[in-house]
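Everything below concerns the one structure shown next.
Just so it is clear, the values below take in all heavy atoms, side chains as well, and ignore hydrogens, waters and symmetry mates. Sequence positions, counted from 1, serve as the residue numbers for this chain.
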Amino acid sequence: MASNNKKYLKLSLILIVPVLLYFGFQYANTQLERFAIDAIKEVAIGKKGEGYFVNFQHFNIYWSESKLDATGITILPNAESENDNWVNASIDTIVIEFSHLYSGLLLGNIQVKEFSMIKPNLQYFWKEKKEEDKNEQDEHHSPIPKFEVLGKRLNKIGISGINIIDVTFNGYLVMPDNQHQHIFHTTQNIQLSGINFHLDERKEEDIIDIEKIAYNVGPTFMKAYGKLYEYEFDSLWVSDEDNSFSIHKFNLRPQSSPEVFFKRVGKQTDMMSISLDSMLGNGFDANSLFKHNVINLDELTLDGAEILIYRDKNYEEDTTVFKKLPHRLLQTIDYSIKLDKFALNHSTLTYKEKSKNAKQPGTISIKDINLLINNINTDLKKNIHLDLKCKLFSKRNTHISLDLNTSDQASHFLTGHGKIPAFSMYHLNKFTHPNMGVLFQKGEVVDINFDIKMNDKIGRGNLDFYYKDLKLKLIGKNDNKTNFVESLTGFAANSLAYNKNLPGKHARHAPLYFERVPYKSVVHYVIHTILSGAETAVIGTYGQLPHKERKAYKNQGHHHRK
């Protein structure tokens, strides 16, 4: 009898164990599918995925290799869920490799070794709110989760490698009439390997270690709905294998005409357009950025920049803003910067200014700009040297050398000198005629030299402005005709002005003095400090100086007449 019971027990075990193994496998498979779906939603759309349907054409588990793959994936929003933003997505293939899949399932702690997503195509939509529904604190939604949030999510599953291949990403604004405005497009490839997370809040410097980074972006544009500017570029590439990155054919431009742009701003401002052939960074250390918040570069080179700045002075100045000077601005940057060399090569700057009641803006261009800056280090209180060469109305180079002192104890934050070679004053008419109603009929600049010293409030220095054969004509703005009053004014101007100022014993050396306007840029501060001596050089007065200093200059014999 006992032997029969043993036989039945053995037979039962033979029958039950495979059944248990089968149902255990099915349960594990279901759990794994559920985990895979959650992982797809988490990584693909940056949220837990409520209100979305995720479907697969094929789903395979390779137990021996601790791997699963899914193909033909679609992610669709639930049409019944009211939402102001949503995602449609399709993905060709997702491959997830695990560390010890069996033990992970048994212990309830699945660790991902590598995650690969091939050819995801994402379309992000968000609705435009009506003006009465908008809140001052409303922000436009972003489909990309914040870095620190994404890091915490990925750290939970212990991921060590991410590969996202051939991403296509488009963004659409849904207008009130249900029309879709295409405002964002990009194609990307991302490879991250050797990821180690250090997200302990007490270790603020240790965020993430990445052994290898390969990141490239294809043609991309962003119209930034509701903003003033849009941008596009042909390609962006980052690789820590070569410790370098590059951007090609970058363009930043206003989204509207100048008239619409300035009406939207409602105040005087600089409207800018920037096109750039290439930007190349060498010696880039990704771990310094991710672990220590340090931007570390051996060299950053910008080539072929064309910069246009346009200011319309028919609008009131915004006196409520405060423009920080460069040495103060460096102190507010969240990241430390260690850059051995910055170079801007073969570039052009065009400045347009439309004065009040003028019909057309005046224009001035600086060509063949080559700027070199050495040793930018925000952690060290050392001088940053700037060396600028460019062509200003001349075949010969203008040369300006500046030193930016970042120390709080320095008496001046900026010191420098410059030399501008000979040119015809006729070139100035493109700017002075539309804005000032001044035409240079004759005049040759022989040489311009200046030295400047600037602190937070006052710019000083000296200007040697040497010229000959000066003859002015004062006319109306944008008008070549001269009436009787303008003729008299022009005669008076030529009578007051010296027709020459040449090097020698009787040369007029003009002191510089300009009080900084806090709501205007450092470029305005530098230019107007230099120009403050022009009146002295041409007319012989010292109106730019405070009254006491003006008298002292005259008493010391600096004031020379013909």
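Minimum interatomic distance between Asn88 and Pro77 (heavy atoms only, all atoms of both residues): OD1-CD, 3.0 Å. Scanning all heavy atoms of the two residues, the minimum distance from Ser347 to Asn345 falls at OG-O, 2.9 Å. Heavy atoms only, all atoms of each residue included: Tyr310 and Pro258 are closest at CE2-CB, 3.6 Å. Here the closest heavy-atom approach between residue Asp456 and residue Tyr525 is recorded as C-OH, 4.4 Å. Across every non-hydrogen atom of Lys113 and Ser160, the tightest pair is O-OG, 2.6 Å. Looking at every heavy atom in both residues, Leu297 comes nearest to Asn282 through CD2-O, 3.5 Å.
At least one side-chain heavy atom of Val526 sits under 4.5 Å from a side-chain heavy atom of Leu414. With contacts defined as side-chain heavy-atom distances shorter than 4.5 Å, the pair Leu122/Asn170 does not qualify. Ile164 is not listed as a side-chain neighbour of Gln188, based on a closest heavy-atom distance of 4.5 Å or more. Within the 4.5 Å cutoff, the side chain of Asn216 has no heavy atoms near those of the Ser235 side chain. You'll find the side chain of Asn121 stays beyond 4.5 Å of the side chain of Phe169, heavy atoms only. The side-chain heavy atoms of Trp86 and Val174, taken from C-beta on, include a pair separated by under 4.5 Å. Residues Pro361 and Glu353 have side chains not in contact (no heavy-atom distance under 4.5 Å, counting atoms from C-beta outward). Side-chain contact check for Leu276 versus Leu302: some heavy-atom pair is nearer than 4.5 Å.
With a 6.0 Å cutoff to the six-membered ring centre and a 45° limit on the axis angle, Arg264 does not count as a cation-pi contact of Tyr315.
The structure places CG of Asp340 at 8.5 Å from CG of Asn377, a figure rounded to the nearest 0.5 Å. Rounded to the nearest 0.5 Å, atoms OG (Ser355) and CZ (Phe431) are 8.5 Å apart. The distance from the CE atom of Met117 to the CD1 atom of Ile94 is 4.5 Å, given to the nearest 0.5 Å. Here the NE2-OG1 distance, from His185 to Thr187, works out to 5.0 Å after rounding to the nearest 0.5 Å. Interatomic distance, Ser239 OG to Phe284 CZ, rounded to the nearest 0.5 Å: 10.5 Å. Thr220 OG1 to Glu232 CD: the interatomic distance, rounded to the nearest 0.5 Å, is 9.5 Å.
Counting heavy-atom neighbours within 6.0 Å of Lys520 NZ, excluding the residue itself, gives a total above 12. Counting non-hydrogen atoms of other residues, nucleotides and ligands closer than 6.0 Å to NZ of Lys352 gives a total of 12 or fewer.
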With salt bridge (Lys or Arg N to Asp or Glu O under 4.0 Å) as the test, would you mind laying out the steps for Glu230 and Arg253 before giving the verdict?
CA-CA 6 Å; Glu230 64 185 43; Arg253 55 179 173 261; 3.1 Å; yes
For side-chain hydrogen bond (donor to acceptor under 3.5 Å, both in side chains), just list the numbers for Asn60 and Asp69, CA-CA rounded to whole Å, side-chain angles, deciding distance to a tenth of an Å, and then say yes or no.
CA-CA 5 Å; Asn60 302 301; Asp69 66 45; 3.1 Å; yes
For Thr93 and Thr71, run side-chain hydrogen bond (donor to acceptor under 3.5 Å, both in side chains): C-alpha distance rounded to whole Å, both residues' side-chain angles, the deciding distance at 0.1 Å, then the answer.
CA-CA 4 Å; Thr93 306; Thr71 59; 5.8 Å; no
Would Ile366 and Lys391 count as a side-chain contact (heavy atoms from CB on, under 4.5 Å) here? Give the steps.
CA-CA 6 Å; Ile366 304 173; Lys391 288 184 171 61; over 6 Å; no
Show, in sequence, the C-alpha distance, side-chain angles and deciding distance for Tyr231 and Asn251, and conclude whether the side-chain contact (heavy atoms from CB on, under 4.5 Å) test is met.
CA-CA 5 Å; Tyr231 70 82; Asn251 286 284; over 6 Å; no
Yes or no on side-chain contact (heavy atoms from CB on, under 4.5 Å) for Lys119 and Ile91, after CA distance, side-chain angles and deciding distance?
CA-CA 6 Å; Lys119 290 189 176 181; Ile91 305 169; over 6 Å; no
Before giving the answer on side-chain contact (heavy atoms from CB on, under 4.5 Å), spell out for Leu404 and Phe413 the whole-Å C-alpha distance, their side-chain angles and the decisive distance to 0.1 Å.
CA-CA 6 Å; Leu404 177 66; Phe413 80 89; 3.7 Å; yes
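For Phe184 and Tyr172, the ring centers sit 6.0 Å or farther from each other. Proximity of the aromatic rings of His180 and Phe125 is defined here by a centroid distance below 6.0 angstrom, and this criterion is met.
Judged purely by distance below 3.5 Å, without hydrogens or angles, the side chains of Tyr229 and Gln255 never pair a donor atom with an acceptor atom. Counted by atom type alone, Asp277 and His248 present zero donor-acceptor pairs between their side chains at under 3.5 Å. Side-chain atoms of His399 and Asp387 include a donor-acceptor pair closer than 3.5 Å. With hydrogens and angles left out, the side-chain atoms of Tyr215 and Gln191 include no donor and acceptor closer than 3.5 Å. His385 and Asn374 share no side-chain donor-acceptor pair at under 3.5 Å.
A donor-acceptor contact shorter than 3.5 Å links the side chain of Asp177 to the backbone of Gln179. Here the side chain of Thr378 pairs no donor or acceptor atom with the backbone of Ile376 at under 3.5 angstrom. Looking at Glu97, its side chain never comes within 3.5 Å of a backbone N or O of Phe115 through a donor-acceptor pair. Of the possible donor and acceptor atoms, none in the side chain of Thr320 sits under 3.5 Å from a partner among the backbone N and O of Asp318. With hydrogens and angles ignored, the 3.5 Å screen pairs a side-chain donor or acceptor of Asn189 with a backbone N or O of Asp166. Side-chain atoms of Ser90 do not come within 3.5 Å of backbone N or O of Thr74 as any donor-acceptor pair. Checked by atom type and distance alone, the side chain of Gln268 never pairs as donor or acceptor with a backbone atom of Asp312 at under 3.5 Å.
Checked for salt-bridge contact, Asp298 and Lys341 miss the test: no charged N lies under 4.0 Å from a carboxylate O. A salt bridge between Glu316 and Lys267 is present, with a side-chain N of the basic residue lying under 4.0 Å from a carboxylate O of the acidic one. Lys389 has no carboxylate O lying under 4.0 Å from a charged side-chain N of Asp368, or vice versa, which leaves the two without a salt bridge.
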